[in-house]
Engineer: 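One structure, pasted below without further comment.
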Amino acid sequence: MSEEKPSSEPEIRRGDFAREKGEVILREHEYDGIQEFDQKLPNWWLFTFYGAVVWLVVYWVLYYNTPIYKTDQEKITEEITALHKKKDAALAAAMESITDEALINEWATDSTKVGAGKTIYTTNCLPCHGADLSATMAVGDQSIPLPGMALNDGEWKYGSKPREIFKLINEGTPADSPGHNGAKMQPWGQMLTPIQIAEVTAYLISENPKDFGK
Ligand code: HEC
């Protein structure tokens, strides 16, 4: 303590006093010989910090409590809804031309479409329905059953009209059905376009001429 500023003046805090004198202020503790400065943070730092605090409040209000800005979650949900709408519209448009008659008389007689359908079948359906549509697989001289149902036995569990078969492939096992031996089929509409499903339906029709008036 210097003589000009006696310690009896209580309004002068130690930090101010030391700063006026150009002294470095040290905190009182010391650990392992290490001491800490006790400096006032520079104003640019402090105001950056206060600014960040204010911005946090503004941001939180704008994004989470008003409709002005959307959160990422809201943006994603909107985009997914738009995609679903687009897909539904595409399906509705496709189904206008893909009628039962068109599937039997146009699609199933068109070798390009049936060929495309066969490729789709081989890639996606064969593991459960078998290479010969019998839902079995030959191993040596044994025939092993596969999880799917036979697609060449003249029976169509969910309707034998081409559009009913299309619908089953598109939407999978209906929610209220227990499936086949407990196995349900997935909705292939999530992986294949309406055109591809029509092609694979056409392939199934062409392989079952007796079932479809041909
Ligand atoms: C993971 C195995 C699996 C795959 C892969 C699979 N299915 Fe299925 N499929 C099933 C099962 C299980 C059923 C029986 C569903 C039920 O009873 O609800 C079935 C039923 C069907 C039926 C109704 C059969 C009938 O006799 O009524 C059709 C048609 C069909 N699938 C077509 C397809 C097509 C086309 C594909 C490829 C795009 C395909 N499946 C791929 C398991 C599969």
Side-chain angles (χ1 to χ4, degrees), residues 73 76-214:
Q73 182 63 53
I76 290 168
T77 312
E78 259 181 29
E79 278 185 31
I80 291 175
T81 314
L83 279 176
H84 277 302
K85 268 194 191 162
K86 222 171 134 184
K87 226 178 129 189
D88 290 348
L91 178 63
M95 291 322 281
E96 274 184 29
S97 59
I98 304 175
T99 59
D100 286 339
E101 294 72 35
L103 279 168
I104 296 172
N105 299 322
E106 292 164 31
W107 289 71
T109 53
D110 182 326
S111 58
T112 315
K113 289 182 163 82
V114 170
K118 184 171 186 179
T119 307
I120 295 163
Y121 181 86
T122 309
T123 317
N124 300 285
C125 326
L126 185 147
C128 292
H129 292 285
D132 61 354
L133 311 187
S134 67
T136 58
M137 184 175 70
V139 178
D141 48 7
Q142 274 190 306
S143 170
I144 293 178
L146 295 171
M149 295 178 80
L151 301 176
N152 61 357
D153 58 358
E155 278 173 35
W156 302 96
K157 183 174 169 184
Y158 297 102
S160 58
K161 292 212 176 91
R163 289 258 300 232
E164 289 169 333
I165 295 168
F166 179 108
K167 185 171 189 276
L168 174 73
I169 299 168
N170 188 44
E171 294 174 15
T173 296
D176 57 1
S177 165
H180 170 64
N181 298 330
K184 298 186 175 195
M185 189 165 75
Q186 71 171 87
W188 287 96
Q190 287 177 357
M191 288 180 64
L192 304 173
T193 65
I195 300 298
Q196 288 175 313
I197 294 176
E199 284 167 347
V200 76
T201 307
Y203 168 66
L204 296 181
I205 294 170
S206 75
E207 291 290 308
N208 290 283
K210 273 185 280 142
D211 294 359
F212 299 96
K214 286 256 143 185

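Remember, it's 1-based here, ligands and their atoms both numbered in the order they're listed.
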Engineer: Rounded to the nearest 0.5 Å, what separation is found between the CG atom of Leu204 and the CD atom of Glu207?
Structural biologist: 8.0 Å
Engineer: Taking distance alone, with no angle check, do Tyr158 and ligand 1 share an N/O pair under 3.5 Å?
Structural biologist: yes
Engineer: Using a distance-only test with no angle check, is there a side-chain donor-acceptor pair under 3.5 angstrom linking Asn124 and Trp188?
Structural biologist: no
Engineer: Does some non-hydrogen atom of Pro178 fall short of 4.0 Å from ligand 1?
Structural biologist: no
Engineer: Determine whether Phe212 and Leu103 satisfy the following criterion, side chain to side chain contact (heavy atoms under 4.5 Å, CB included), listing intermediate values before the conclusion.
Structural biologist: CA-CA 10 Å; Phe212 299 96; Leu103 279 168; over 6 Å; no
Engineer: Applying a 4.0 Å heavy-atom criterion (strictly less than), which segment of Asp153 is in contact with ligand 1: side chain, backbone, both, or neither?
Structural biologist: neither
Engineer: Could you tell me, atom by atom, which parts of ligand 1 come under 4.0 Å of a heavy atom of Ala150?
Structural biologist: 26 (O)
Engineer: Is it the side chain, the backbone, both or neither of Thr201 that has a heavy atom closer than 4.0 Å to ligand 1?
Structural biologist: neither
Engineer: Can you tell me if an N/O/S atom from Cys125 lies under 2.8 Å from atom 8 (Fe) of ligand 1?
Structural biologist: no
Engineer: Please test Thr193 against Gln196 for side chain to side chain contact (heavy atoms under 4.5 Å, CB included), starting from the C-alpha separation and ending with a verdict.
Structural biologist: CA-CA 5 Å; Thr193 65; Gln196 288 175 313; 3.3 Å; yes
Engineer: How far is atom 23 (C) of ligand 1 from its nearest protein heavy atom, and which residue and atom name does that atom have?
Structural biologist: Leu168 CD2, 3.1 Å
Engineer: Could you check atom 24 (C) of ligand 1 against the protein and tell me its nearest heavy-atom contact, residue, atom and distance included?
Structural biologist: Leu151 CD2, 3.5 Å
Engineer: What's the separation between atom OG1 in Thr201 and atom CD1 in Ile98, rounded to the nearest 0.5 Å?
Structural biologist: 8.5 Å
Engineer: May I ask you to identify the nearest protein heavy atom to atom 5 (C) of ligand 1, giving residue, atom name and distance to one decimal place in Å?
Structural biologist: Asn124 O, 3.2 Å
Engineer: Assess Met149: does it contribute an N, O or S atom lying under 2.8 Å from atom 8 (Fe) of ligand 1?
Structural biologist: no
Engineer: State, yes or no, whether a side-chain contact exists between Trp107 and Ile205 at a heavy-atom distance under 4.5 Å.
Structural biologist: no
Engineer: Please assess Leu151 against Tyr203 for the test side chain to side chain contact (heavy atoms under 4.5 Å, CB included), listing each intermediate value before the final yes or no.
Structural biologist: CA-CA 11 Å; Leu151 301 176; Tyr203 168 66; over 6 Å; no
Engineer: Would you say the side chain of Trp156 lies within less than 4.5 Å of the side chain of Asn208, judging by non-hydrogen atoms?
Structural biologist: yes
Engineer: Can you sort out which atoms of ligand 1 are near Ala183, meaning under 4.0 Å from one of its heavy atoms?
Structural biologist: 12 (C)
Engineer: For atom 15 (C) of ligand 1, what is the closest protein heavy atom, and at what distance to 0.1 Å?
Structural biologist: Thr173 OG1, 3.3 Å
Engineer: Which heavy atom of the protein is the closest neighbour of atom 1 (C) of ligand 1, given with residue, atom name and distance?
Structural biologist: Cys128 SG, 2.7 Å
Engineer: For Thr173 and Tyr158, run side chain to side chain contact (heavy atoms under 4.5 Å, CB included): C-alpha distance rounded to whole Å, both residues' side-chain angles, the deciding distance at 0.1 Å, then the answer.
Structural biologist: CA-CA 9 Å; Thr173 296; Tyr158 297 102; 3.8 Å; yes
Engineer: Which residue and atom name correspond to the protein heavy atom nearest atom 11 (C) of ligand 1, and how close is it?
Structural biologist: Gly148 CA, 3.8 Å
Engineer: Counting each atom of ligand 1 from 1 as listed, which ones have a heavy atom of Ile169 under 4.0 Å away?
Structural biologist: 32 (C), 35 (C)
Engineer: Which protein non-hydrogen atom lies closest to atom 17 (O) of ligand 1, naming both residue and atom, and how far is it?
Structural biologist: Lys157 NZ, 2.5 Å
Engineer: Please state the angle at atom 8 (Fe) of ligand 1 spanned by SD of Met185 and NE2 of His129: what is it, rounded to 10 degrees?
Structural biologist: 170°
Engineer: For ligand 1, which atoms sit closer than 4.0 Å to a heavy atom of Pro147?
Structural biologist: 12 (C)
Engineer: N/O to N/O below 3.5 Å, does that happen between Lys184 and ligand 1?
Structural biologist: no
Engineer: At a 4.0 Å cut-off, with the gap strictly under it, does some heavy atom of Pro127 reach an atom of ligand 1?
Structural biologist: no
Engineer: Roughly how far apart are Met95 CE and Lys167 NZ, rounded to 0.5 Å?
Structural biologist: 10.0 Å
Engineer: Counting each atom of ligand 1 from 1 as listed, which ones have a heavy atom of Trp156 under 4.0 Å away?
Structural biologist: 27 (O), 29 (C)
Engineer: With rounding to the nearest 0.5 Å, note down the distance linking CZ in Arg163 to CG in Asn170.
Structural biologist: 11.0 Å
Engineer: When you measure from the side chain of Lys87 to the backbone of Gly189, do you find a donor-acceptor pair of N or O atoms at a distance under 3.5 Å?
Structural biologist: yes
Engineer: Can you pull out the closest protein heavy atom to atom 14 (C) of ligand 1? Residue, atom name and distance to 0.1 Å, please.
Structural biologist: His180 CB, 3.4 Å
Engineer: Measure the spacing between SG of Cys125 and CG of Leu133 and express it to the nearest 0.5 Å.
Structural biologist: 9.5 Å
